[in-house]
2 protein chains.
Amino acid sequence: MEEKEISQTVVGRLPRYFRYLGELKDEGIERVSSQELSDIMQVTASQIRQDLNNFGGFGQQGYGYNVGFLYDEIGKILGLHREHNLIIVGAGHLGQALVNYTNFERRGFLFRGIFDKDPQVCGQKIRGITVRPMNEMEAFVQENDIDIAVLAIPKTSAVEVAEQLVCCGIKGIWNFAHVDLRVPERIQVENVHLSDSLMKLSYNLSSREDEE
Amino acid sequence: MEEKEISQTVVGRLPRYFRYLGELKDEGIERVSSQELSDIMQVTASQIRQDLNNFGGFGQQGYGYNVGFLYDEIGKILGLHREHNLIIVGAGHLGQALVNYTNFERRGFLFRGIFDKDPQVCGQKIRGITVRPMNEMEAFVQENDIDIAVLAIPKTSAVEVAEQLVCCGIKGIWNFAHVDLRVPERIQVENVHLSDSLMKLSYNLSSREDEE
DNA sequence: CAGTCGCTGTCAATTCATTGACATAATTTT
DNA sequence: AAAATTATGTCAATGAATTGACAGCGACTG
């Protein structure tokens, strides 16, 4: 399929559409117009139509969009119709928090393994999943068809671990470590830099005060 | 001070500059040009100069930027020269993970209290901080000069808690709950929507496959 | 100490994103 | 069944962000 590249700006808005459509669906609402969605979501109706049209004409003139249908379609676009096998690297507090957050599983993101370099932690079970030593990671990824690795480790080891993951054929990395990973272009990296986020909040707090 | 509004796009890049400058500083490097930074950070030199110039002329022609000075200045811009008092609402896995992440404290973000609605959890200590019941929250915020509240609770209760926080004079909310909070404009909200981030990664994995 | 070079700050050009406008088509009303 | 209404898909216009270009200042060199 020769499709035009969708900008990350647009992609970043899809999950939010998906969430609101899910809520409408749960409320039993069957149809919605871009104008109604616009009111609920606080974005322009024009942007909604523009965004959706990147992926095809999901609506119908004079009617609007069918909530259930659009919800499913966006789900497919986001790749939620298939299952993803994940591992978590780092069984610290953050790693554990992620494993215990069951909403990911509900969306098809299945935690298949947890790895940690601390021998004390290895062997323990977190939500039924045994923590394994790092040296078993590469084989595990290959044998269990893992496509996403979650890096919940300090930045000091993140670069090295990322390299190992690249070598054993990982497709995507969800990176919670506070470094920028340099990986081949074929591998997708999604960063969650919590301290950056907190600093942004801090900036906005300060700048608001200055205005007064 | 009558200063022009800085776009969130630019603000969002500041923490990254801050991080790289910190690393250079730790390596003992004293000066850096926008071109050198450009090579390290993989952004255009033009963008770096443009971004920094929003806040003033930190560099010197023919010399470049003094690493230590620029680091400190960006720190101040981000509001890191002062301390922030935070509370965490929700003592679940995520809340605990955040409390235990000591890097925030090092930057002046001090966790002063933890709150949870579960009576079983109240009274327990996490890294020396006692978990308190929700009904004590409002008074605590006011008495302890809390400016930031971290919402690490399910979306079902997030909206209600946010309203309480607004009432007792919170200035900023770091929101990990999967809802959009509607708060007065004077209150800053920074969202960390983990599932949105994961869906974005999922999209990029799928779209990459389609290309092949 | 004069000349060369390096690098910023800034303006202009370009690219990208958002908003507005409307022709057209399906739906609902009468 | 015709008329009126609704709301999409898309094109054009506007606005924002990024990149490119360079004048001019300061630093370094011989």
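No experiment lies behind these values; they were computed from the predicted model shown. Order of the sequence lines sets the chain letters (A, B, ...), proteins ahead of strands, with each chain counted from 1. Hydrogens, waters and symmetry mates play no part in the numbers below; they use all other heavy atoms, side chains included.
In summary, the side chains of A:Gln60 and A:Asn66 do not present any donor paired with an acceptor at a separation below 3.5 Å, with no hydrogens or angles considered. Side-chain contact check for A:Asn54 and A:Gln50: no donor-acceptor pair (N or O, by modelled atom type) lies under 3.5 Å. A side-chain donor-acceptor contact under 3.5 Å links B:His178 and B:Asp196. With no hydrogens or angles considered, no side-chain donor-acceptor pair links A:Asn85 and A:Asp147 at under 3.5 Å.
The side chain of A:Ser34 contributes no N or O atom lying less than 4.0 Å from OP1 or OP2 of D:dA7. Between B:Thr44 and the phosphate of D:dT18, there is no side-chain N or O to OP1/OP2 separation shorter than 4.0 Å. B:Arg13 has a side-chain polar atom (N or O) that falls below the 4.0 Å cut-off from OP1 or OP2 of D:dT18. Distances shown here put every side-chain N or O of A:Gln60 at or beyond 4.0 Å from the OP1 or OP2 atom of C:dA26. The shortest distance between the side-chain N/O atoms of B:Thr9 and the OP1/OP2 oxygens of D:dA16 is not below 4.0 Å. A:Arg49 has no side-chain polar atom (N or O) that falls below the 4.0 Å cut-off from OP1 or OP2 of C:dC22. Look at B:Tyr65 and you'll find a side-chain N or O under 4.0 angstrom from OP1 or OP2 of C:dG9. OP1 or OP2 of C:dT24 has not a single side-chain nitrogen or oxygen of A:Gln61 nearer than 4.0 Å.
If one axis is set at each end of the helix from C:dC1-D:dG30 to C:dT30-D:dA1 from five pairs, those axes are 20° apart, to 10°.
The CD1-C1' distance, from B:Ile6 to D:dA17, rounds to 14 Å in whole Å. The nearest whole Å value for the distance from the CG atom in A:Asp51 to the P atom in C:dT19 is 10 Å. Note: CD (A:Gln35) to P (D:dT5) measures 18 Å, nearest angstrom. Atom CG of B:Asn54 and atom C1' of C:dT8 are 15 Å apart (whole Å). Atom CG in A:Asn53 sits roughly 15 Å away from atom P in C:dT18 (whole-Å rounding). Straight-line distance from the CZ atom of B:Phe69 to the C1' atom of C:dT8: 14 Å, rounded to whole Å. One atom, CG of A:Asn66, and another, P of D:dA7, lie 14 Å apart when rounded to the nearest Å. Rounded to an integer number of Å, the gap from CD of B:Glu5 to C1' of D:dG15 is 16 Å.
Ring planes of B:Phe109 and B:His84: parallel class, angle under 30° (limits at 30 and 60°). Note on ring orientation: taking the six-membered ring where Trp is involved, the planes of A:Phe18 and A:Tyr71 are parallel (angle under 30°, cut-offs 30° and 60°).
Nucleotides of DNA chain C nearest to B:Ser33 and A:Arg31 differ in position, and the one nearer the 5' end is that of B:Ser33. Remark on DNA chain D: of its neighbouring residues A:Gly56 and B:Ser46, the 5'-side contact belongs to A:Gly56, judged by nearest-heavy-atom nucleotide.
In this structure, A:Tyr65 has no ring pair (Phe, Tyr, Trp, His ring centres under 6.0 Å) partners at least two apart in sequence or on a different chain.
Note that A:Arg112 lies outside the cation-pi zone of A:Phe140, set by a 6.0 Å cut-off to the ring centre and a 45° limit from the axis.
Base engagement by A:Gln50 is indicated by at least one non-hydrogen atom pair under 4.0 Å involving a base atom.
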